[in-house]
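To start, the structure itself, in structure tokens.
Chain A is the first sequence line, chain B the second, and so forth, proteins listed ahead of strands; every chain is numbered from 1.
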2 protein chains.
Amino acid sequence: MITLTEENYIKAIFHLGKQGSATVSTNALAEAMHTKASSATDMIKKLAEKNYANYKKYQGVSLTAEGKLVALNIIRKHRLWEVFLVDKLNFTWDQVHDVAEQLEHIKSQKLIDELDAFLDFPTHDPHGDPIPDKHGKFEHVEKTSLSNAKEGGSYVCVGVNDSSVDFLKYLDNNDIALGTTIKVLHKEPFDHSIKIAIDGRELMVSQVVGKNLYLKEN
Amino acid sequence: MITLTEENYIKAIFHLGKQGSATVSTNALAEAMHTKASSATDMIKKLAEKNYANYKKYQGVSLTAEGKLVALNIIRKHRLWEVFLVDKLNFTWDQVHDVAEQLEHIKSQKLIDELDAFLDFPTHDPHGDPIPDKHGKFEHVEKTSLSNAKEGGSYVCVGVNDSSVDFLKYLDNNDIALGTTIKVLHKEPFDHSIKIAIDGRELMVSQVVGKNLYLKEN
DNA sequence: ATTTTTATTTAGATAGGTCTAAAAAATAAG
DNA sequence: CTTATTTTTTAGACCTATCTAAATAAAAAT
Ligand SMILES: [Mn+2]
Ligand SMILES: [Mn+2]
Ligand SMILES: [Mn+2]
Ligand SMILES: [Mn+2]
């Protein structure tokens, strides 16, 4: 039996290390979970005890193969529910996260299999993130951040690094969505702001926006 | 803030007393919750403290107006999710209960409003139970148990008292579903078994079945 | 190579929900 | 009415997940 809290910690370790393989520091994990380092230590011990995590004192934590499967399964559920909310229940991409955080913990294999079929086996969630299949496999989305894009290049928006309401609404307000074509006009060396063109309309975006917007060459 | 456990106790009090108005004994509540009487007592105190329940020592528990609203809201969610599972995800009526027990605790007003609309504002769940509206109002379903039905009468099946997998599968196996027309041919005084006709086919059912099948005059 | 700073772990406490065992109240029997 | 039985409550303990404060290890600075 795995608790809801354990699932959330496992997911956090997965996201902080690259797919859970890299070692994650206690402090980083505590911060991600909005708890204190002492709480994170306790949970890390428990996860190691249950064979979901690799842990040596003072050496950080990573996921075992079993832990990775758990993480991928939760992520699969989270992203499928996000698709459901947007495609079927008129949620916008900035409204889905908190609800999906709850729904991802519902335990029923049939539920998630049927939901997958009902949604016609989607491969990506509303933020462009790939949805693992039932075996945990998913295609790596090829992408560069806008900050790393080439001046003069033409790209299409394929994802976001930050799924916060503020950032997603900012994108909405500026008519940037998944699939939007973006041309990189000028990268300002001074403050790393970037001038881009969307449908012929010019827009100046900050470095923070540049780092959180994922593109693919067009 | 109301916890998942509190919600489940409130729902149990609602179902055990008639709509939460009648007073429920500690033992009855403990049994329904599969806990011990001492645990029930602790929870009753907390619910009273939080103004969801009326409680005087040794006198049983009932719901306050606020507690009833909480109960009705959870029941609304439970039943809407059951409709979703059956109508959209190919669940059968005996497969939905456990999943709905989890889904009923998801907190999001928009989610439940949109789900209601997505399902086209259903008034009854797959077991024939009425779905409260967002204000907690719902129409009383007029019904008699098969045991109380008149010999010679013609009825239509409108609900079940027992939603267990075993009973629902029994009904499936005998081609009894919501909406099925049932004629009462003979009520056996000796063991209270009942001979009924469905589509011209004759069937003998036990007293237990009679008590758990709800009908409406045709 | 010490000292200082930072990161991590441990110790002890609290809150929610559960349990067993024992005490107290209410009900039933004699 | 008094005793026995059942129901309910209380006392004390445990487990999970959290916290603060203190101890220890690792890393950085001098
Ligand atoms: Mn999300
Ligand atoms: Mn997402
Ligand atoms: Mn149900
Ligand atoms: Mn039902």
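Look at Tyr55(B) and you'll find a side-chain N or O under 4.0 angstrom from OP1 or OP2 of dT9(D). Here Ser38(A) does not reach the OP1 or OP2 of dA11(C): none of its side-chain N or O atoms lies under 4.0 Å away. In this structure, Lys57(A) reaches the dT10(C) phosphate: one of its side-chain N or O atoms is under 4.0 Å from OP1 or OP2. Contact check, Tyr9(B) against dG16(C): no side-chain N or O comes under 4.0 Å of OP1 or OP2. An OP1 or OP2 oxygen of dT6(C) is reached within less than 4.0 angstrom by no side-chain nitrogen or oxygen of Asn27(A). Dashed line: the shortest gap from a side-chain N or O of Thr26(A) to OP1 or OP2 of dA7(C) is not under 4.0 Å. Distances shorter than 4.0 Å separate some side-chain N or O of Lys45(A) from OP1 or OP2 on dT10(C). One finds a side-chain N or O of Lys36(A) lying less than 4.0 angstrom from the OP1 or OP2 phosphate oxygen of dT20(D).
Taking atom CE of residue Met33(A) and atom C1' of nucleotide dC19(D), one finds them 15 Å apart after rounding to whole Å. Following rounding to the nearest Å, Glu31(A) (CD) and dC19(D) (P) show an atom-to-atom distance of 13 Å. One can place CG of Asp42(B) at 10 Å from P of dT9(D), the figure rounded to the nearest angstrom. In this structure, CE of Met1(A) is placed 11 Å from P of dT16(D), rounded to the nearest angstrom. One can place CE of Met43(B) at 17 Å from C1' of dT10(D), the figure rounded to the nearest angstrom. Per the geometry, CG belonging to Asn8(A) stands 17 Å off P belonging to dT16(D), to the nearest Å. Distance Leu29(B) CG to dT8(D) C1': 13 Å, rounded to the nearest Å.
Residue Thr3(B) is in sugar-phosphate contact alone, with no base atom involved, counting any heavy-atom pair closer than 4.0 Å across all strands shown. Across all strands, Thr5(A) comes closer than 4.0 Å only to sugar-phosphate atoms, never to a base (heavy-atom distances). The residue Ser39(A) sits close to a base: some heavy atom pair falls under 4.0 Å.
In the set dT24(D), dA25(C), dT18(D), dT24(D) carries the atom at the smallest distance from any side-chain atom of Tyr58(A).
Side-chain atoms of Asp166(B) and Ser164(B) include no donor-acceptor pair closer than 3.5 Å. Using modelled atom types, one finds no donor on one side chain facing an acceptor on the other under 3.5 Å when comparing Tyr170(B) with Ser206(B). Counted by atom type alone, Asp191(B) and Ser193(B) present one or more donor-acceptor pairs between their side chains at under 3.5 Å. Asn8(B) and His105(B) share a donor-acceptor pair across their side chains, judged by distance under 3.5 Å alone.
Two residues, Ala40(B) and Glu6(A), neighbour DNA chain D, and the one matched to the more 5' nucleotide by heavy-atom proximity is Ala40(B).
Pairs of residues two or more places apart, or lying in two chains, that qualify as salt bridge (charged side-chain N to carboxylate O under 4.0 Å, His left out) and include a residue from residues 109-121 of chain A are Arg76(A)-Asp116(A), Lys110(A)-Glu114(A), Asp113(A)-Lys134(A).
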